[in-house]
*Asks:* 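Provided herewith is a single structure, encoded as structure tokens, for subsequent inquiry.
Heavy-atom basis, side chains included; hydrogens, waters and symmetry copies ignored. Predicted model, so just to flag it, every value in this text is computed and none were measured.
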Amino acid sequence: MPLTVTTWNINSVRLRIDLVLRYLAEAAPDVLCLQETKCPDAEFPRSALAKAGYEHIIHRGMKGYNGVAIIARRPLREAGRLTFCGKEDARHIAAEIDGDDGAPVLLHNLYIPAGGDIPDRDENPKFGHKLDFLAELTEWSERLRNDNSRAVLVGDLNIAPFESDVWNHKALLKIVSHTPVETEALNRLRDIGGWTDAIRHLVPQPNPLFTWWSYRSSDWSAADKGRRLDHIWVGEGLRPLIHSHHVRREARGWERPSDHVPVALTLAG
DNA sequence: ATGGTGGTCCTACCA
């Protein structure tokens with residue numbers, strides 16, 4: 001039995017619960033990892049998800065901002081939560097699930113800070129926070145490299161690391177999410193942690209691949225000025241199981257959409 | 001070069 005894991009920045013799980021249910025009905029992943037739930041834990045829409053067959057849910061949320069959840073058809077075991085930069089801002093949650101070979105797979109769901117508009121830590125503290133967050137994440141990943149062999153790291157990493165991850169590489173070099181200091185930090189995190197970018201493994205450069213299109217564009221599909229901000233990485237032990245993927249681009253055209261679309265990876269022996 | 005659109009929750013803040 002293969003294992004399909006989806007990541008999706010939902011931009012309010014309560015406002016878009018019908019889109020979540022639609023996606024689950026159509027794609028039927030084993031696990032759905034959400035970011036930006038913008039929802040306190042007590043108000044998470046558990047019953048609607050349970051009714052759809054997804055009764056195993058762990059959520060770490062807060063009022064108004066951030067928030068991450070892991071939702072599954074099969075049992076989950078809570079596996080901790082990390083805090084970064086001394087902030088309790090609900091940007092990571094972890095869980096364990098049994099893989100298709102019966103051995104556990106560790107899931108890390110992350111929401112990396114967006115970083116504001118100005119790519120300079122002196123002028124823009126949010127950009128400094130993003131870089132500091134990446135530095136702490138890199139230390140963590142380096143320390144735990146040996147434990148990450150059967151781990152999957154997913155989430156809105158808010159960085160498009162490769163040239164073909166943005167609609168125009170040169171035009172975006174000074175735009176937060178594609179500046180060299182960010183892409184180098186993300187590449188270093190990936191390499192130091194022993195992670196493989198599973199989606200790029202399946203869709204190698206220079207094929208363009210996007211998972212996010214700004215709301216500030218009247219015709220997102222025709223203009224297609226997208227970026228690949230949402231990622232699925234796997235540890236060394238899972239690399240041979242990378243089987244297939246799906247970027248659900250059509251979800252950007254659903255009514256009242258998130259600006260991000262679901263990205264799914266199937267692991268199979 | 002600029003301003004463009006959304007969500008949360010009442011005043012800006014975040015993306």
Side-chain angles (χ1 to χ4, degrees), chain A residues 7-23 33-45 48 59-69 83-92 109-121 123-134 137 154-161 165-168 170-179 182-183 186 210-231 249-263:
Chain A
T7 181
W8 193 7
N9 178 320
I10 193 62
N11 189 16
S12 174
V13 69
R14 283 176 289 178
L15 187 70
R16 289 188 237 287
I17 185 62
D18 290 345
L19 299 190
V20 174
L21 295 174
R22 174 175 177 180
Y23 174 74
C33 296
L34 297 176
Q35 303 86 34
E36 281 206 273
T37 56
K38 297 187 173 178
C39 179
D41 290 337
E43 287 153 58
F44 195 82
H59 179 242
R60 179 185 182 191
M62 57 192 286
K63 193 164 112 178
Y65 312 107
N66 308 328
V68 283
T83 54
F84 299 91
C85 306
K87 294 175 191 279
E88 285 287 345
D89 54 1
R91 292 180 179 274
H92 170 268
N109 183 13
L110 271 166
Y111 176 46
I112 292 182
D117 288 332
I118 304 167
D120 181 314
R121 69 156 67 235
E123 288 181 54
N124 169 21
K126 285 191 256 183
F127 194 72
H129 177 219
K130 184 177 196 175
L131 297 180
D132 293 343
F133 191 104
L134 284 161
L137 195 54
V154 312
D156 177 2
L157 306 187
N158 265 315
I159 297 172
D165 291 336
V166 294
W167 65 278
N168 183 328
K170 281 189 179 168
L172 290 184
L173 277 171
K174 291 181 177 172
I175 302 297
V176 172
S177 74
H178 196 61
T179 65
E182 292 170 90
T183 58
L186 194 72
F210 310 141
T211 65
W212 172 90
W213 294 262
S214 173
Y215 284 127
R216 302 174 188 179
S217 151
S218 51
D219 196 346
W220 70 273
S221 189
D224 202 20
K225 295 183 173 181
R227 305 178 203 169
R228 191 174 71 104
L229 303 179
D230 304 276
H231 300 276
R249 182 184 167 107
E250 66 267 31
R252 184 63 179 77
W254 290 352
E255 194 179 342
R256 288 248 265 174
S258 169
D259 45 355
H260 297 252
V261 300
V263 178

*Asks:* Determine: side-chain N/O of A:Ser218 to OP1/OP2 of B:dT5, distance under 4.0 Å, yes or no.
*Replies:* no

*Asks:* Can you check the A:Asp117 CG to B:dG4 C1' distance for me, whole Å?
*Replies:* 12 Å

*Asks:* A:Arg252: which residues meet the side-chain hydrogen bond (donor to acceptor under 3.5 Å, both in side chains) condition with it, sequence neighbours left out?
*Replies:* none

*Asks:* At 4.0 Å (heavy atoms only), tell me whether A:Arg91 reaches a base, stays on the sugar-phosphate, or touches nothing.
*Replies:* sugar-phosphate

*Asks:* Choosing from B:dC13, B:dC9, B:dT5, which nucleotide comes nearest the side chain of A:Tyr215?
*Replies:* B:dT5

*Asks:* Rounded to the Å, how far apart are A:His129 NE2 and B:dA15 P?
*Replies:* 9 Å

*Asks:* Output the rounded distance in Å from CD1 (A:Ile118) to P (B:dA1).
*Replies:* 15 Å

*Asks:* Please state how far atom CD in A:Glu36 lies from atom P in B:dT8, giving the value in whole angstrom units.
*Replies:* 10 Å

*Asks:* State whether A:Arg256 places a side-chain N or O below 4.0 Å from either non-bridging phosphate oxygen (OP1 or OP2) of B:dG7.
*Replies:* yes

*Asks:* In whole Å, I'd like the distance from the CG atom of A:Asn9 to the C1' atom of B:dC14.
*Replies:* 12 Å

*Asks:* Ignoring backbone atoms, establish whether A:Lys63 has a side-chain N or O less than 4.0 Å from OP1 or OP2 of B:dC9.
*Replies:* no

*Asks:* With a 4.0 Å cut-off on N to O distance, would you call A:Asp132 and A:Arg121 a salt bridge?
*Replies:* yes

*Asks:* I'd like to know if A:Arg60 and A:Glu88 make a salt bridge, using a cut-off of under 4.0 Å between side-chain N and carboxylate O.
*Replies:* yes

*Asks:* Sticking with atom C1', work out how far B:dT11 lies from B:dG7, rounded to a whole angstrom.
*Replies:* 14 Å

*Asks:* Could you pull out all residues at least two apart from A:Asn168 that satisfy side-chain hydrogen bond (donor to acceptor under 3.5 Å, both in side chains)?
*Replies:* none

*Asks:* Between A:Phe84 and A:His92, how do the two ring planes meet: parallel, tilted or perpendicular, split at 30° and 60°?
*Replies:* perpendicular

*Asks:* If you compare every side-chain N and O of A:Arg16 against the phosphate oxygens of B:dG7 (OP1, OP2), does one of them come in below 4.0 Å?
*Replies:* yes

*Asks:* By nearest heavy atom, map A:Asn158 and A:Ser214 onto DNA chain B; which one lands nearer the 5' end?
*Replies:* A:Ser214

*Asks:* Calculate the interatomic distance between A:His260 atom NE2 and B:dG7 atom P; express it in whole Å.
*Replies:* 13 Å

*Asks:* Would you kindly give the CE-to-P distance between A:Met62 and B:dC14, to the nearest whole Å?
*Replies:* 11 Å

*Asks:* Rounding to the closest angstrom, what is the interatomic distance between B:dC10 and B:dC14 at atom P?
*Replies:* 15 Å

*Asks:* Take A:Gly115 and A:Ser12, find for each the nucleotide of DNA chain B with the closest heavy atom, and name the residue whose nucleotide sits nearer the 5' end.
*Replies:* A:Ser12

*Asks:* Answer yes if the side chains of A:Arg16 and A:Ser258 hold a donor-acceptor pair under 3.5 Å, and no otherwise.
*Replies:* no

*Asks:* Under 3.5 Å for both donor-acceptor distances, Watson-Crick or wobble: does B:dT8 have a partner, and if so which one?
*Replies:* B:dA12

*Asks:* Taking pairing as Watson-Crick or G-U wobble with both contacts under 3.5 Å, can you name the mate of B:dT2, or confirm there isn't one?
*Replies:* none

*Asks:* If you measure from the C1' atom in B:dC9 to the same atom in B:dA15, how many Å do you get, rounded?
*Replies:* 16 Å

*Asks:* How close or far is atom C1' of B:dG6 from atom OH of A:Tyr65, stated in whole angstroms?
*Replies:* 14 Å

*Asks:* If you only use heavy atoms from C-beta on, which nucleotide in B:dG7, B:dC9, B:dA15 is closest to the side chain of A:Arg14?
*Replies:* B:dC9

